[in-house]
Amino acid sequence: MRVCVIGGGAAGMMAAYRAASLGNSVVIYEKNEKLGKKIYITGKGRCNVTNASDMETIFANVNKNPKFLYSALYSFDNEAVMKLLKDAGLKLKTERGNRVFPESDHSSDVIKTLEGLVRKAGASVVFNTTVEHLLFEDYESEDYKGDKKCTGVALTNGKREFFDKVILATGGLSYPTTGSTGDGYRMGEELGHSIVKPEPSLIPLVSKEEWVKSLQGLSLKNVKLTMTVGKKTVYSELGEMLFTHFGISGPLVLSASSYYVANKDKGKEINVSIDLKPALSFDELDKRVLRDFEENINRNFNNALDNLLPKKMIPVIIEKSGIDEHIKVNEISREQRQNLVSILKNLPVEISGTRPIDEAIITRGGINVKEINPSTMESKIVKDLYFAGEVIDIDAMTGGYNLQLAWSTGHLAGNVE
């Protein structure tokens with residue numbers, strides 16, 4: 001059987017490997033000059049290949065359509081991914097949060113391993129080639145909602161190539177320089193598929209306040225970021241974050257952004273706050289501040305916070321507290337001190353939006369899962385057309401979960417004989 005895979009990213013390579021391993025004649029069409037261009041930049045160039053947590057945790061970290069992914073994740077889970085890569089010679093290590101990385105810390109090693117698997121299985125790769133349209137013919141069957149059968153691809157160079165099965169693994173809209181420019185949405189739509197509006201997911205957030213931007217470059221560790229929608233807390237986690245020239249970023253913020261995007265159009269107030277000292281309760285922090293004040297009893301307020309906060313943040317917290325920066329700490333009232341503690345425990349950041357979608361790690365939205373058979377990844381509308389990876393309306397949290405979705409859906413889509 002001749003199988004075409006459109007896109008040589010994570011999902012595409014896995015689909016090609018699986019299809020070729022089953023004895024099919026497989027061709028990958030990749031618009032770039034090499035495979036895995038987006039893999040190369042994931043995990044800050046280290047490539048967080050998967051997450052070693054149990055399946056319950058993995059499903060809990062899928063933001064959109066987790067039930068749709070049941071067959072895909074259970075048929076090729078995180079253990080299977082790690083075994084495949086290890087057996088192919090890639091050494092792995094597990095870090096904080098069960099994040100799995102190549103031992104070398106080089107994403108290029110992951111790409112080399114996958115490309116080696118693809119080629120060893122017998123699949124061929126055609127680089128610098130873009131698919132313009134999917135070819136189809138009329139087809140009627142009670143098993144399909146539509147009346148089409150996919151028969152191959154039309155390339156931008158004018159060539160038409162015919163295949164028995166076509167797997168669409170073109171990615172979303174994030175990082176367009178890697179080739180993710182929404183081609184798959186257009187091709188799917190042309191054959192009758194509906195597209196759930198693509199939006200950025202796992203993306204830095206833009207703030208309204210100037211004080212946030214004044215902290216550009218400051219990284220905070222071991223803080224807690226909380227997001228509420230109306231009266232409901234939708235996200236609250238410990239970790240790292242970063243202040244930027246436009247707002248906030250870093251692991252905590254990227255994870256929280258999924259909830260922001262999911263709720264921003266619902267008309268409810270969305271609030272973000274930072275607990276700068278999550279290890280201490282309000283009373284414990286109050287005692288800590290009081291102790292610091294006693295040690296600096298004759299100093300000005302602006303010179304008494306060095307042991308409590310990063311130097312760059314002190315002016316911001318002083319301004320937020322409303323306390324005169326030149327007042328002696330022994331003149332600060334209990335009420336003023338406790339107001340300071342409240343700010344340290346609950347520093348609000350007003351969010352105005354997200355960065356552009358081309359800066360997102362993952363795209364939320366895509367081919368509607370209601371139109372895809374979850375047991376095979378085949379279209380319910382077009383016979384012999386399959387989908388894999390980010391082109392589908394699925395997304396997950398940071399920590400290796402999104403790549404796991406790519407591996408699992410790719411493997412299932414390539415399971416054709």
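All heavy atoms count here, side chains included; hydrogens, waters and symmetry mates do not.
A search for side chain to side chain contact (heavy atoms under 4.5 Å, CB included) contacts involving Ser258 returns Asn63, Ser201, Leu202, Asp395, Met397, not counting sequence neighbours. By the side chain to side chain contact (heavy atoms under 4.5 Å, CB included) test, Tyr74 pairs with Met55, Phe59, Tyr70, sequence neighbours left out. Listed by chain and residue number, nothing satisfies the salt bridge (Lys or Arg N to Asp or Glu O under 4.0 Å) test with Lys268 (two or more places apart in sequence, or in another chain). Applying the side chain to side chain contact (heavy atoms under 4.5 Å, CB included) test to Asn222 and every residue at least two apart in sequence or in another chain returns nothing. With sequence neighbours left out, the salt bridge (Lys or Arg N to Asp or Glu O under 4.0 Å) criterion links Glu190 to Arg186. Remark: Glu56 engages no residue in a salt bridge (Lys or Arg N to Asp or Glu O under 4.0 Å) (not counting sequence neighbours).
Ion pair Glu30/Lys37 not flagged as a salt bridge, since none of the NZ, NE, NH1 or NH2 atoms sits closer than 4.0 Å to an Asp/Glu carboxylate oxygen. Using a 4.0 Å cut-off between charged nitrogen and carboxylate oxygen, Asp105 and Lys93 count as a salt-bridge pair.
The side-chain heavy atoms of Ile351 and Val206, taken from C-beta on, include no pair separated by under 4.5 Å. A heavy-atom distance below 4.5 Å is found between the side chains of Arg46 and Glu95. Side chains of His133 and Val153 form no contact here, defined as non-hydrogen atoms less than 4.5 Å apart. Counting heavy atoms from C-beta on, the side chains of Val3 and Val27 never come closer than 4.5 Å. The closest side-chain heavy-atom distance from Val416 to Asn24 is below 4.5 Å. Counting only heavy atoms from C-beta outward, the side chains of Leu238 and Val223 never approach each other to under 4.5 Å. Taking the side chain as every heavy atom from C-beta outward, Glu378 and Ile372 never approach each other to under 4.5 Å. Residues Ile381 and His193 meet the side-chain proximity criterion, which asks for heavy atoms closer than 4.5 Å.
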Checking side chain to side chain contact (heavy atoms under 4.5 Å, CB included) for the pair Ile6/Val166: CA distance, chi angles, key distance, verdict? CA-CA 8 Å; Ile6 309 173; Val166 174; 3.8 Å; yes
Thr156 and Glu132: CA distance, side-chain angles, deciding distance, side chain to side chain donor-acceptor pair (under 3.5 Å) verdict: CA-CA 5 Å; Thr156 51; Glu132 182 68 27; 5.4 Å; no
Let's go through Asp54 and Thr57 carefully: what are the C-alpha distance in whole Å and the side-chain angles of both, what is the deciding distance for side chain to side chain donor-acceptor pair (under 3.5 Å) to 0.1 Å, and is it a yes or a no? CA-CA 5 Å; Asp54 57 34; Thr57 302; 2.8 Å; yes
Test salt bridge (Lys or Arg N to Asp or Glu O under 4.0 Å) on Lys38 and Glu390; report intermediate values, then the result. CA-CA 12 Å; Lys38 188 174 178 184; Glu390 200 180 336; 2.8 Å; yes
Residues Asp183, Lys31; criterion salt bridge (Lys or Arg N to Asp or Glu O under 4.0 Å); working and verdict: CA-CA 11 Å; Asp183 297 353; Lys31 64 160 66 170; 2.9 Å; yes
Step-by-step side chain to side chain contact (heavy atoms under 4.5 Å, CB included) determination, Met377 to Ile392: CA-CA 10 Å; Met377 294 293 131; Ile392 306 169; 4.0 Å; yes
Are Glu371 and Ser194 close enough, and set up right, to give a side chain to side chain donor-acceptor pair (under 3.5 Å), and what steps lead you there? CA-CA 8 Å; Glu371 299 164 1; Ser194 59; 2.4 Å; yes
Stepwise salt bridge (Lys or Arg N to Asp or Glu O under 4.0 Å) test for Lys83 and Glu79: CA-CA 6 Å; Lys83 185 178 188 306; Glu79 295 291 336; over 6 Å; no
Check step by step if side chain to side chain donor-acceptor pair (under 3.5 Å) holds for Ser408 and Gln404. CA-CA 6 Å; Ser408 294; Gln404 181 61 49; 2.9 Å; yes
Step by step, would you call Lys213 with Glu210 a side chain to side chain contact (heavy atoms under 4.5 Å, CB included)? CA-CA 5 Å; Lys213 298 162 190 176; Glu210 287 303 313; 3.6 Å; yes
Working note: Glu237 + Leu225, criterion side chain to side chain contact (heavy atoms under 4.5 Å, CB included); need CA distance, chi angles, decisive distance, verdict. CA-CA 6 Å; Glu237 292 292 338; Leu225 189 139; over 6 Å; no
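Residues Glu199 and Thr363 bring no donor and acceptor atom of their side chains to less than 3.5 Å of each other.
The number of heavy atoms from other shown groups lying within 6.0 Å of CD (Glu269) does not exceed 12. The neighbour count for Glu103 CD, taken as heavy atoms of other residues, nucleotides or ligands under 6.0 Å away, is above 12.
Among residues at least two apart or in separate chains, salt bridge (charged side-chain N to carboxylate O under 4.0 Å, His left out) pairs with a member in residues 271-287 are Asp275-Lys345, Asp286-Arg337. Here salt bridge (charged side-chain N to carboxylate O under 4.0 Å, His left out) pairs that include residues 244-256, with residues two or more places apart or in two chains, number zero. Annotation: ring pair (Phe, Tyr, Trp, His ring centres under 6.0 Å) contacts involving residues 239-283, sequence neighbours excluded, comprise Tyr235-Tyr259.
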Result block: side-chain N/O donor-acceptor pairs under 3.5 angstrom for residues 382-389, not counting sequence neighbours:
residue, atom, partner, partner atom, Å
Asp384, OD1, Lys165, NZ, 2.9
Tyr386, OH, Lys165, NZ, 3.4

Pairs under 3.5 angstrom only: tabulate donor-acceptor contacts from the side chains of residues 304-325 to other protein residues two or more places apart or in another chain.
residue, atom, partner, partner atom, Å
Lys312, NZ, Gln216, O, 2.5
Ser321, OG, Ile318, O, 2.7
Ser321, OG, Ile323, N, 3.2
Asp324, OD1, His326, N, 2.9

Just list the side-chain donor-acceptor pairs under 3.5 Å for residues 248-256, sequence neighbours left out, or say none.
residue, atom, partner, partner atom, Å
Ser255, OG, Pro251, O, 3.3
Ser255, OG, Thr398, OG1, 3.0

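Between the side chain of Asn373 and the main chain of Ser375, a donor-acceptor pair closer than 3.5 Å is present. Panel note: side chain Asn98, backbone Ala52; no donor-acceptor pair is recorded below 3.5 Å. In terms of modelled atom types and a separation under 3.5 Å, the side chain of Asp393 and the main chain of Val369 share no donor-acceptor contact. Judged purely by atom type and a 3.5 angstrom limit, Asn263 has no side-chain atom pairing as donor or acceptor with the backbone of Val229.
Across Val118 and Ala16, no two heavy atoms sit closer than the pair CG1-CB, 4.5 Å. Of all the heavy atoms in Pro356 and Ile203, the pair that sits closest is O-CD1, 3.1 Å. The two residues Ala88 and Thr113 make their nearest non-hydrogen contact at CB-CG2, 3.6 Å. Across every non-hydrogen atom of Cys150 and Leu134, the tightest pair is SG-CB, 4.2 Å. Residues Ile39 and Ser107 come closest through the heavy atom pair O-CB, 3.6 Å. The minimum heavy-atom distance linking Gly172 with Tyr185 is given by the pair CA-OH, 3.2 Å.
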